[in-house]
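Here's the structure we're looking at; comments come further down.
Just so it is clear, the structure is predicted and the values come from calculations on it, not from any experiment. Atoms considered below: every heavy atom in the structure, side chains included; atoms not considered: hydrogens, waters and symmetry mates.
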Amino acid sequence: VQLQASGGGLVQAGASLRLSCAASEGTFTSYARVWFRQAPGKEREFVAGISSVGDNTYYADSVKGRFTIFRDNAKNTVYLQMNSLKPEDTAVYYCAAGRYYSITNYKHYNYWGQGTEVTVSS
């Protein structure tokens with residue numbers, strides 16, 4: 001069982017990126033899916049979460065209004081649309097799966113992708 005994150009890159013401030021997290025098995029359609037990020041020297045922090053059927057979402061205050069999480073269960077994939085990127089968004093972004101979509105403690109989530117790096121230059 002794997003989660004594969006992709007879509008990171010180097011962009012300028014104000015640009016957009018879309019991250020993807022594909023699951024290797026269809027069982028992940030019954031899981032809440034989340035994105036975390038970790039900047040150098042900092043703890044892993046919650047970014048956004050979405051319920052198993054996609055009807056509920058939850059965002060960190062720092063990204064609210066700029067990031068959108070959504071999922072396509074037919075493709076076993078969750079996305080993170082990131083707009084108006086800021087240098088402080090620079091981090092490695094990780095996708096994860098678990099029972100709840102709004103738990104901000106990373107220890108709650110049992111399944112993790114490998115991370116995709118996002119760098120935003122000023």
Side-chain angles (χ1 to χ4, degrees):
V1 176
Q2 290 184 338
L3 297 174
Q4 183 76 28
S6 61
L10 171 63
V11 297
Q12 290 188 330
S16 297
L17 276 177
R18 178 177 292 183
L19 306 183
S20 300
C21 178
S24 61
E25 293 187 7
T27 52
F28 276 107
T29 58
S30 64
Y31 283 78
R33 302 281 289 276
V34 297
W35 288 93
F36 278 76
R37 66 186 181 187
Q38 188 165 17
K42 295 187 176 181
E43 290 190 352
R44 192 167 295 192
E45 67 170 347
F46 177 88
V47 175
I50 189 166
S51 59
S52 60
V53 297
D55 56 344
N56 287 293
T57 57
Y58 185 70
Y59 297 93
D61 288 343
S62 59
V63 306
K64 202 172 295 182
R66 300 187 298 121
F67 291 11
T68 302
I69 186 171
F70 59 100
R71 64 192 296 165
D72 184 342
N73 282 346
K75 296 181 178 180
N76 296 332
T77 300
V78 170
Y79 304 91
L80 185 68
Q81 178 67 41
M82 306 186 297
N83 299 330
S84 302
L85 282 162
K86 304 176 181 180
E88 50 263 44
D89 295 318
T90 295
V92 176
Y93 284 70
Y94 297 91
C95 59
R99 185 174 181 182
Y100 301 108
Y101 66 94
S102 60
I103 302 296
T104 60
N105 188 333
Y106 68 90
K107 295 179 182 179
H108 166 74
Y109 300 95
N110 297 320
Y111 304 101
W112 289 87
Q114 85 290 0
T116 184
E117 189 168 4
V118 173
T119 303
V120 184
S121 64
S122 58

Task: Least distance between heavy atoms, L3 atom then A23 atom - done: CD2-CB, 3.7 Å
TODO: Establish, yes or no, whether the cationic atom of R71 lies under 6.0 Å from the six-membered ring centre of Y79 and within 45° of the ring axis.
DONE: no
TODO: Name the orientation class of the two ring planes belonging to Y93 and F67 (parallel below 30°, tilted from 30 to 60°, perpendicular beyond 60°).
DONE: tilted
Open item on the list: Could you check whether K64 pairs with D61 (Lys NZ or Arg NE/NH1/NH2 to Asp/Glu carboxylate O, under 4.0 Å)?
Closed with: yes
Task: Heavy-atom side-chain contact between M82 and S16 under 4.5 Å - done: no
Open item on the list: I'd like to know if the side chain of N76 reaches the main chain of C21, judged simply by a donor and an acceptor atom lying under 3.5 Å from each other, with no hydrogens or angles considered.
Closed with: no
Task: Donor + acceptor pair across side chains of T77, D72 (<3.5 Å) - done: no
- [ ] Let me see the working for Y109 and I103 under side chain to side chain contact (heavy atoms under 4.5 Å, CB included), right down to the final yes or no.
- [x] CA-CA 9 Å; Y109 300 95; I103 302 296; 3.5 Å; yes
TODO: State the OH-SG distance between Y111 and C95, to the nearest 0.5 angstrom.
DONE: 14.0 Å
- [ ] Please indicate whether F70 has more than 12 foreign heavy atoms, meaning atoms of other residues, nucleotides or ligands, lying under 6.0 Å from its CZ.
- [x] yes
Open item on the list: Any side-chain to backbone donor/acceptor pair from Q114 onto A5? Under 3.5 Å, distance only.
Closed with: yes
Task: Interatomic spacing from OG in S102 to CD1 in I50 - rounded to 0.5 Å - done: 12.5 Å
Open item on the list: Any side-chain to backbone donor/acceptor pair from R66 onto S84? Under 3.5 Å, distance only.
Closed with: yes
Task: Minimal non-hydrogen separation, T90 against V120, with atom names - done: OG1-N, 2.9 Å
Task: For the student: nearest non-hydrogen atoms of Q2 and S24, plus distance - done: N-OG, 2.7 Å
- [ ] Taking all non-hydrogen atoms of both residues into account, name the closest pair between P87 and S122 and its distance.
- [x] CG-CB, 3.8 Å
- [ ] Spell out, as yes or no, whether a donor-acceptor pair under 3.5 Å connects the side chain of Y58 to the backbone of V47.
- [x] no
Task: Closest heavy-atom pair and its distance - A97, Y31 - done: CB-CB, 4.1 Å
Task: Ring centers of W35, F46 separated by less than 6.0 Å - done: no
Task: Single-linkage hydrophobic cluster, 4.5 Å side-chain cutoff, F36 and Y100 together - done: yes
TODO: Determine yes or no for a side-chain-to-main-chain donor-acceptor pair under 3.5 angstrom, with Y94 supplying the side chain and V34 the backbone.
DONE: no
Open item on the list: Testing the basics here: between A48 and L80, what is the closest heavy-atom pair and its distance to 0.1 Å?
Closed with: CB-CD1, 4.1 Å
Task: Single-linkage hydrophobic cluster, 4.5 Å side-chain cutoff, V92 and V11 together - done: no
Task: Pairwise distance CZ(R44) to OG1(T104) - rounded to 0.5 angstrom - done: 14.0 Å
- [ ] Measure from the side-chain N and O atoms of T116 to the backbone N and O of G8, and report whether any donor-acceptor pair falls under 3.5 Å.
- [x] yes
Open item on the list: R37 and salt bridge (Lys or Arg N to Asp or Glu O under 4.0 Å): which single residue from E88, E43, E45 fits?
Closed with: E45
Task: Worked check of side chain to side chain contact (heavy atoms under 4.5 Å, CB included) between L19 and V118 - done: CA-CA 9 Å; L19 306 183; V118 173; 4.1 Å; yes
Task: Flag, side chain of S51 to backbone of N56, donor-acceptor distance under 3.5 Å - done: yes
